[in-house]
There are 2 protein chains.
Amino acid sequence: MTRSVVSVTVDLVLLTIRQGALQALLVRRGIPPFQGRWALPGGFVLPDEDLAEAAARELREETGVDPTAGHFEQLATYGAPGRDPRGRVVTVAYLALLPDLPSPVAGSDAAGADWRPVDDIEPGELAFDHDRILGDGIERARAKLEYTPLATAFCPAEFTVADLRTVYETVWRTRLDPRNFHRKVTGADGFVEPTGGTVIRDRGRPAQLFRRGPATLLHPPLLRQSSPPGS
Amino acid sequence: MTRSVVSVTVDLVLLTIRQGALQALLVRRGIPPFQGRWALPGGFVLPDEDLAEAAARELREETGVDPTAGHFEQLATYGAPGRDPRGRVVTVAYLALLPDLPSPVAGSDAAGADWRPVDDIEPGELAFDHDRILGDGIERARAKLEYTPLATAFCPAEFTVADLRTVYETVWRTRLDPRNFHRKVTGADGFVEPTGGTVIRDRGRPAQLFRRGPATLLHPPLLRQSSPPGS
DNA sequence: GTAATAGTGTCTTTCAGACATTATGTC
DNA sequence: GACATAATGTCTGAAAGACACTATTAC
């Protein structure tokens, strides 16, 4: 039996919502190959490290953030023979959905790191096959908002219904009816729980604050392609 | 930077419906480690092979079946440091949903290979962490039947609505109302297309034959946990 | 007061689930 | 004829989308 000896890396698709846009964390590569190009953060898996451990370590190194702050899951694995000029490198990609962090990009060991709106990332701009990995991560996130309560991972510990609606509208690039959205979110079992507090964002009536509920699946789901209001 | 040099394998969760039960293909290991134990089919990725290619090759070797016959997708990757006593082995698992094959388990290079009802596989019976991989594959299959038309992957090229219903009932371990199921399946856009032919299974009115439609997502989805009748 | 946002209630349509009824075959 | 399965139709209740209306703040 012919064994193939390869290197294994983890790459991170880190998504957050900043300034009203879905953004991904990219790093500028300090060393060849693809030196100077933007890429997903990531690195080699250490000899005695589990894959998720390696991804969590990279997340801490790149953002200074605890992986438990948002949501974290394995995305997919990419191992085409020619994807890395250094040789056979198989990468296990992880997807994280994070709240807008107070101190992002701290302690990064890359030449530069920045949040970039995903719509501004040009096709072919990223190193390796990171274009495709990022695209797969975005699509996974979009799909998961429909039937899981993961939109709350983009929010801080306490948030309003309007905050949560903004998450959906930003990720899906749609408008949702605020009144029907409120009814669905507060009606779905275990989606959100009131904290009792309220907050005033700009003008208007104070909004109730909520925290994440215990549900892991949404019943019924919030569907993406429902007819948008006014169209 | 410390690189970890590891071996990479692919493992296959092959699911089909035989004799009214959801079954998985297992092989009996002919060599250590875990010699004589049941395991998922799989093997090492060749030096110039993409991951999906390696999985498709193993599928052909183990079952003699073309991967295009059913459905084929990457499942997940498992790389805990101690999962293989031979050293660091990361495995990329693939999931295939296959119709009941006329010549299963042909050309297998394992000591033995057999379809086994998934409910008869004891916890801890399988080698490595294949218990968990199989469980993840089954759960993925169950979930995907809800919002994709992949149940047709378990059927031959032409099938009846009752055949398709049996797939759902077997995978989900439920009963579905034949009349409502018929209405939903024939009403969902692109799920199935009539071939014009009919067939008589046992007694009763001849059933129309259908083939798979072009849809890749089901709108609306067929939900598993819908309120059970009379409760 | 006006403007703005939060939240509730109501109406209509659509669709899921329950189940009667008809259609077409074997025996 | 009886019996079995396939397919269609009808009824009811739940939920989605549209949108009127009330509540509570800033100005």
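Chain naming here is simple, since letters A, B, ... match the order of the sequence lines and numbering starts at 1 in each.
For the pair B:T186 and A:I200, nearest-nucleotide mapping onto DNA chain D gives the more 5' position to B:T186. DNA chain C is contacted by both A:G204 and A:V161; A:G204 maps to the nucleotide lying nearer its 5′ end (nearest heavy atom per residue).
Within 4.0 Å (heavy atoms only), A:R201 reaches no atom of the nucleic acid at all.
Ring pair A:Y168/A:W172 is perpendicular by interplanar angle, where above 60° counts as perpendicular and below 30° as parallel.
Heavy atoms from other residues, nucleotides or ligands lying under 6.0 Å from CG of A:D66 number more than 12.
Side-chain atoms of A:Q208 lie closest to C:dG7 of the nucleotides C:dA16, C:dG7, C:dG25. If you check C:dC19, C:dT24, D:dA7 against the side chain of B:N180, the one that comes closest is C:dC19. When distances run from any side-chain atom of B:R179 to the nucleotides D:dG9, C:dG25, C:dG17, the shortest one goes to D:dG9. Set against C:dG25, C:dA6, D:dA26, the side chain of A:R205 has C:dA6 as its closest nucleotide. Among the nucleotides C:dT26, C:dT24, D:dA6, the one closest to any side-chain atom of B:P206 is C:dT24.
Contact annotation: the side chain of B:L40 approaches that of B:L26 to within less than 4.5 Å [non-hydrogen atoms, C-beta and beyond].
Phosphate proximity of C:dT8 to A:H182: present, with a side-chain N or O under 4.0 Å from OP1 or OP2. One finds a side-chain N or O of A:K184 lying less than 4.0 angstrom from the OP1 or OP2 phosphate oxygen of D:dA16.
With A:R37 contributing its side chain and A:L126 its backbone, the two residues share a donor-acceptor pair below 3.5 Å.
In the interface, the side chain of A:R183 is not paired with the base of C:dG9 through any donor and acceptor atom under 3.5 Å apart.
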